[in-house]
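Atoms within each ligand, like the ligands themselves, are counted from 1 in listed order.
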Amino acid sequence: MNKSVEPSYSRADFGEDFVWGVATAAFQIEGAANTDGRGRSIWDTFCTKEEAIADGSNGDVACDHYNRLEQDLDHIADLGVNAYRFSVSWSRVRPSGDGPWNEKGFDFYDRLIAGLEQRGIQAHLTLFHWDLPQALDDRGGWLDEKVLDCFVEYAQEVTRRFGHRLASICTFNEPWVISILGYEKGVFAPGVQDRAVAMQVAHNILVAHGRAVRAIRATSPSLSTGIVLNMSPIYAASEDPADTEKAKIDDGLIVRWYMDAICFGRYPVDVLSYLGKDEPAVNAGDMSVISEPIDFIGVNYYTRNFASTGNPWDVSSTGNQVTDMGWEVYPDGLCELLCRLHADYNVCKLMVTENGAAFKDEVIDGFVNDLERQSYIQNHIAATLDARRRGVPVDGYFVWSLLDNFEWASGYEKRFGIIHVDYETLERTPKASSLWLTKYLTGAI
Ligand code: FCB
């Protein structure tokens, strides 16, 4: 059990312009799956597959955020944050992925952004947090050039309507997860298991990213535009040279594949030769599209990883705490990662766009005293400050997540929220971690 010791830093240590936020994603919280003309996405379909979701659940109701928008906006404001990161459901604003726009869908995001404006909170919008319209997947999904065109149109339309009201826009959330978990391992939608397809999807998504950046720039030139990547430091599980080599390749597949492509316009040579026949087809000009300059890279950090060629890595072997996801708690890894990204890529601006933890919460007398989550957040904020003090331009930190929500293949069993959701009544109750965050952000501690 973690002790809750007050951290030795204050909000002021980060300076006035630092972005403090909470993050969510459309499919994980909105619900209202069949309301106001929303179209289906690949996650609606994936949830109907037997054994795809641990508790057999789906996103039909989720946190019912679509119908409880005002209340949730009040909760965000109560936290004392100055920013909110959310995603737009593509199939809510364009049910078939192309074809007519759905005004009722846009109305929802208009109300969301207006509600943030009224409360003095910046809006950080993500275009794609995994919920590809099903109609586009039926046509070949990310392997179909025309689907890339549709994404660019979608990026342009969202920017045209909302660009001037946003603090930032992000094209994709975690392309590694989309491609590898969705198309190689098949544990996320759409559930394909084919490495060559996965790597082609990884490439095509980066092309879609670069094309969308150009479209966003043409529509709203001063809008801060970026991408969000999931990254971790990766260590060899032993001194065995095979493990060292594996760690290098894993780093290549997770970090360098995306960072080298976006920052330098090339893929890492060692990864290309490792992929062999599964290397994606790259058209002339693709790499310059992918490396279109952007304003920030968002970093989603939860844990570090170990690479092993023998027995799978035993997460408890370091003696560090392990979360309900089975992820080691390792705040130093965040500082290490941020410093490395700065040193190797000299990115002009980084933001921690997701960081948080699932623990088994106990509701006692209606309250969740989640001191483990609280200290997880405190220690990762400290790691972010550490990186800033070492000269890394990291200008924002977003807690994942505002609310307990639909945690993809884990369903509702894993709770990441700093606000508890009772899935019977949908009642929201701030947990201890959120009360601490408010005190911290309002300078009360
Ligand atoms: C990230 C996702 C986010 C959430 C957290 C726990 O990979 O971006 O939606 O599921 O993990």
Between E336 and R340, does at least one N-O distance fall below 4.0 Å, as a salt bridge requires?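 Judged by the 4.0 Å cut-off on N to carboxylate O distance, E336 and R340 do not form a salt bridge.
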Nearest non-hydrogen protein atom, [atom]:
| atom | value |
| --- | --- |
| atom 5 (C) of ligand 1 | Y302 OH, 3.2 Å |
| atom 10 (O) of ligand 1 | E407 OE1, 2.8 Å |
| atom 7 (O) of ligand 1 | E174 OE1, 2.6 Å |
| atom 3 (C) of ligand 1 | E354 OE1, 3.3 Å |

Is the contact between N230 and ligand 1 made by the side chain, the backbone, both, or neither, using heavy atoms and a 4.0 Å cut-off?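 For N230, there is no contact with ligand 1 at all, from either part.
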For ligand 1, which part of M325 has a heavy atom less than 4.0 Å away: the side chain, the backbone, both, or neither?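 Neither part.
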Let's go through Y267 and H203 carefully: what are the C-alpha distance in whole Å and the side-chain angles of both, what is the deciding distance for ring-ring contact (aromatic ring centres under 6.0 Å, His included) to 0.1 Å, and is it a yes or a no? CA-CA 10 Å; Y267 286 127; H203 174 70; 5.8 Å; yes
Please determine, by modelled atom types, if D243 and Y235 share a side-chain donor-acceptor pair under 3.5 angstrom.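 Checked: D243/Y235 side chains show no N/O donor-acceptor pair below 3.5 Å.
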Can a non-hydrogen atom of V177 be found less than 4.0 Å from any atom of ligand 1?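 Per 4.0 Å heavy-atom rule, V177 does not contact ligand 1.
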Would you please determine whether H129 falls within less than 4.0 Å of ligand 1 on a heavy-atom basis?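 H129: in contact with ligand 1 (<4.0 Å).
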Taking atom CH2 of W257 and atom CD1 of I180, what is their separation to the nearest 0.5 Å?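 W257 atom CH2 to I180 atom CD1 measures 9.0 Å (nearest 0.5 Å).
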Once you measure the plane-to-plane angle for F18 and F14, does it fall in the parallel (<30°), tilted (30-60°) or perpendicular (>60°) bin?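 The rings of F18 and F14 sit tilted, inter-plane angle from 30° to 60°.
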Mind telling me whether F188 and W130 have parallel, tilted or perpendicular rings, with 30° and 60° as the class edges?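 The arrangement is tilted - the two ring planes meet at 30° to 60°.
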From atom 8 (O) of ligand 1, work out which of V228, T323, T353, N173 has a heavy atom at the shortest distance.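 Ranked by closest heavy atom to atom 8 (O) of ligand 1, first place is N173.
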Trace of the ring-ring contact (aromatic ring centres under 6.0 Å, His included) decision for W90 with F151: CA-CA 9 Å; W90 184 352; F151 180 72; 5.7 Å; yes
Give the atom numbers and elements of ligand 1 that come within less than 4.0 Å of a heavy atom of W408.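 Listed by number with element, the hits are 3 (C), 4 (C), 9 (O), 10 (O).
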Under a 4.0 angstrom heavy-atom cut-off, which atoms of ligand 1 come close to F416?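 Per the distance check, 6 (C).
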Is it the case that more than 12 heavy atoms not belonging to N311 sit under 6.0 Å from its CG atom?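 Not buried by this count: 12 neighbours or fewer within 6.0 Å.
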